[in-house]
Amino acid sequence: IENSTALHVSICKDLAIICDRLELVFNNNKFHTLEVKLLNEKVVNLQKKLQADRESFLELNDRLNVFFDKNENHSSTVDALRNDVEKLERSLHHHLHNVKITASISARNFERKVRVCLFLVHHLNAWDSIADIYHEMLCSGDFHPLVAAIDSDFSKDVGFIGGSAVSDFLAKKHIPHFKWFGSDGYLFLDVLKSLAPDFIFLQSPWEADVQPAFRPNELAFAKLCYVPYFGMTLVEDFKFGEGEDLHFNQHLHRVAYVIFSESEDQKKLFQKYCAKSDVHVLNTGSAKMARLYRSREAVEFWPIATSGVKKLKMIWAPHHSVTNDWLAFGVFPKIYTEMLDLAKQSQDWLEVVLKPHPLLFANLIKFNLIKEADLSVWIDAWTGLGNCSLVNEGDYGPLFSGSDFMLTDGISFLVEYPVGSGKPLVFFERKDHLKLNDVGELAVKYSHVVNDFSELVNAVNLMRFGKLIVDPNIEK
């Protein structure tokens, strides 16, 4: 190892000499035959040293193999160390490659009037937040929008998957897009860099949800833009302990070129919590909420086949925060068996579409709240009922239009459903949830709040007999 290190030091010094001499040659604007000959000799010597370096490592490898044979008890430890070294080597290669590609792009002199905007999509249920922006750009002569579908890992257990579902979702909407479902995102990152986008729109600040290649630091060759994936900010002090505010001061919030804010109130929260303050925050209103409001006129969609008998249509939208150390809104573990019983007992007059948060089922298993086998049995029983369905994909609008009311335990649907449908919302509230801000409290004020299952059944019956109405002040 010492010999190899010494060789590398020597190579670096020789490379520095070559750079200096090349600079002299180019500055003189002519090539001297002797100088070129000397440089060629240097290159040949470097190649010999690199070969010697490689042979040294091969020798070291052979010696390690001998060590394995003689010391079987230590082989697992050394093998682990070797794997760490190999991972480090691969990582260094990635970084060096990215530096070269990014430097090459940065050196280009672009003087184009049409700006290339890349939308990096990993979360199909958040497409509503950027859909109108994409379509407006498509109709504009000032922008050339591009879309790329990539994998995600919301559960942190099964690895990066889901890109094909995103691609299918975009294809159904006739949106041309690039797609990458491979394990090595850095290969696709080169493709994205070759597009030389001026701006890249990211869907969320949760970096762990996407491969390392698609996180802000790797995308710094373009100006990063962020449109919050949720409709409106309903909670404040969203953090772990004394950590940073997760709605306003994650890494993307600090390095984004521009963040498009839903309101002046949200902009003030960036000023309060973000290390970059609000200098990069532009108050435009919420594209998602505007789109949802228009969806009141959307063509109705309801995944349960009609039987000719008019039934009450409910969307059940449970949140994923089912533990006590997060947002703490979710009540699914407390009511899921009773919900199945209610659906069974009400088949002649009630239809229920279950629309869970993408993280819900994974969290139930991860935190040992429901065993995977038991959850699977429950889902089969639910989808086996003729009056029940399970929907994982957006758009929200057509589903909202097809429903009569919604049951949810939070959070975004507290405003998204009333705005997107103009219909009643039943809020099953946990008393220990994270404190709501003023907008959140206003949303709860105009919901029908229940705190236990008997109150929920009563609310459903009120809806059944037309006695659960929307407060006209909800339009606020």
With a 4.5 Å limit on heavy-atom distance, are the side chains of [X] and [Y] in contact?
{"X": "P228", "Y": "K288", "answer": "no"}
{"X": "F248", "Y": "F238", "answer": "no"}
{"X": "F143", "Y": "E136", "answer": "no"}
{"X": "F428", "Y": "L456", "answer": "yes"}
{"X": "F201", "Y": "L120", "answer": "no"}
{"X": "V449", "Y": "V444", "answer": "yes"}
{"X": "N125", "Y": "N392", "answer": "no"}
{"X": "L189", "Y": "F221", "answer": "yes"}

Determine yes or no for a side-chain-to-main-chain donor-acceptor pair under 3.5 angstrom, with [X] supplying the side chain and [Y] the backbone.
{"X": "S204", "Y": "W206", "value": "yes"}
{"X": "Q203", "Y": "H123", "value": "yes"}
{"X": "W180", "Y": "G182", "value": "yes"}
{"X": "S286", "Y": "G231", "value": "yes"}
{"X": "K311", "Y": "Q347", "value": "yes"}
{"X": "S346", "Y": "A343", "value": "no"}
{"X": "R215", "Y": "E207", "value": "yes"}
{"X": "S376", "Y": "A373", "value": "no"}
{"X": "R296", "Y": "S401", "value": "no"}
{"X": "K423", "Y": "F400", "value": "yes"}

[X] atom [atom1], neighbour heavy-atom count above 12 within 6.0 Å:
{"X": "Y293", "atom1": "OH", "value": "no"}
{"X": "D380", "atom1": "CG", "value": "yes"}
{"X": "I469", "atom1": "CD1", "value": "no"}
{"X": "E297", "atom1": "CD", "value": "no"}
{"X": "F367", "atom1": "CZ", "value": "yes"}

Check your understanding: Could D404 and K313 be called an ion pair, given the rule that one side-chain N must be under 4.0 Å from one carboxylate O?
Key -> no
Practice item. Before accepting this row, confirm whether a basic side-chain N of the pair K239/D245 lies closer than 4.0 Å to the acidic partner's carboxylate O. Key: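 Between D245 and K239 there is no salt bridge, as every charged N stays at least 4.0 Å from the carboxylate O atoms.
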Anything under 3.5 Å between a donor and an acceptor, one on a side chain of residues 324-333, the other on a protein residue two or more places apart or in another chain? List them.
| unit_1 | atom_1 | unit_2 | atom_2 | d |
| --- | --- | --- | --- | --- |
| N324 | OD1 | R430 | NH2 | 2.8 |
| D325 | OD1 | T323 | OG1 | 2.7 |

**Study point:** Partners meeting side-chain contact (heavy atoms from CB on, under 4.5 Å) with E455 (sequence neighbours left out)
**Key:** V450, N451, D452
Would you give the length of the straight line joining atom [atom1] of [X] to atom [atom2] of [Y], rounded to the nearest 0.5 angstrom?
{"X": "S261", "Y": "L282", "atom1": "OG", "atom2": "CG", "value": "8.5 Å"}
{"X": "I370", "Y": "L364", "atom1": "CD1", "atom2": "CG", "value": "4.5 Å"}
{"X": "K193", "Y": "L118", "atom1": "NZ", "atom2": "CG", "value": "13.0 Å"}
{"X": "S403", "Y": "F301", "atom1": "OG", "atom2": "CZ", "value": "11.5 Å"}

Practice item. Show the numbers, then the answer: is there a side chain to side chain donor-acceptor pair (under 3.5 Å) between Y186 and E218? Key: CA-CA 9 Å; Y186 285 98; E218 299 293 352; 3.2 Å; yes
Point to revise | ring pair (Phe, Tyr, Trp, His ring centres under 6.0 Å) partner of W382, the single match among Y336, F361, W316 | key: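 Going through the options one by one, the only one that passes is W316.
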Point to revise | Verdict with supporting geometry, L425 and T408, side chain to side chain contact (heavy atoms under 4.5 Å, CB included) | key: CA-CA 8 Å; L425 180 137; T408 188; 3.9 Å; yes
Check your understanding: Run the side chain to side chain contact (heavy atoms under 4.5 Å, CB included) check on K173 and V147 step by step: do they pass?
Key -> CA-CA 12 Å; K173 294 183 171 299; V147 178; over 6 Å; no
Check your understanding: Run the side chain to side chain contact (heavy atoms under 4.5 Å, CB included) check on F427 and F413 step by step: do they pass?
Key -> CA-CA 9 Å; F427 175 39; F413 283 137; over 6 Å; no
Exercise for review: Test side chain to side chain donor-acceptor pair (under 3.5 Å) on N217 and H251 and set out the steps.
Suggested key: CA-CA 9 Å; N217 280 351; H251 184 57; 2.8 Å; yes
Review point. Distance only, no hydrogens: is a donor on one side chain within 3.5 Å (strictly under) of an acceptor on the other, for D409 and H433?
Key: no
Check your understanding: Have W127 and Y229 got a donor and an acceptor in their side chains that come within less than 3.5 Å?
Key ->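 Their side chains do not contain a donor-acceptor pair, so the 3.5 Å distance test is not met.
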Practice item. Kindly state whether the ring of F160 and the ring of H122 have centres lying under 6.0 angstrom apart. Key: no
Practice item. Could you tell me whether Y417 and Y396 have their ring centroids closer than 6.0 angstrom? Key: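 No, they do not, as the ring centres are separated by 6.0 Å or more.
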Minimum heavy-atom separation for [X] to [Y], with atom names?
{"X": "L414", "Y": "S447", "answer": "CD2-OG, 4.3 Å"}
{"X": "G163", "Y": "D151", "answer": "N-OD1, 2.7 Å"}
{"X": "R291", "Y": "D132", "answer": "NH1-OD1, 2.7 Å"}
{"X": "I304", "Y": "V352", "answer": "CD1-O, 3.8 Å"}
{"X": "P424", "Y": "L468", "answer": "CG-O, 3.5 Å"}
{"X": "L340", "Y": "A381", "answer": "CD2-CB, 4.0 Å"}

Side chains of residues 269-281: which donor-acceptor pairs under 3.5 Å do they make with residues two or more places apart or in other chains?
| unit_1 | atom_1 | unit_2 | atom_2 | d |
| --- | --- | --- | --- | --- |
| K272 | NZ | E236 | OE2 | 3.1 |
| Y273 | OH | E236 | OE2 | 2.9 |
| Y273 | OH | D237 | OD1 | 2.7 |
| K276 | NZ | A256 | O | 2.7 |
| H280 | NE2 | H253 | O | 2.6 |

Check your understanding: Does the side chain to side chain contact (heavy atoms under 4.5 Å, CB included) test come out yes or no for L342 and E338, once each step is laid out?
Key -> CA-CA 6 Å; L342 175 63; E338 292 173 297; over 6 Å; no
Check your understanding: What residue among E264, K268, K267 forms side chain to side chain donor-acceptor pair (under 3.5 Å) with N283?
Key -> E264
Check your understanding: Picking from V309, N387, V460, what satisfies side chain to side chain contact (heavy atoms under 4.5 Å, CB included) with W349?
Key ->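 Of V309, N387, V460, side chain to side chain contact (heavy atoms under 4.5 Å, CB included) with W349 is met by V460 alone.
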Check your understanding: Can you list the steps and then say if H247 with T233 is a side chain to side chain donor-acceptor pair (under 3.5 Å)?
Key -> CA-CA 8 Å; H247 269 160; T233 306; 5.2 Å; no
Review point. How are the rings of H357 and H319 set relative to one another: parallel (under 30°), tilted (30 to 60°) or perpendicular (over 60°)?
Key: perpendicular
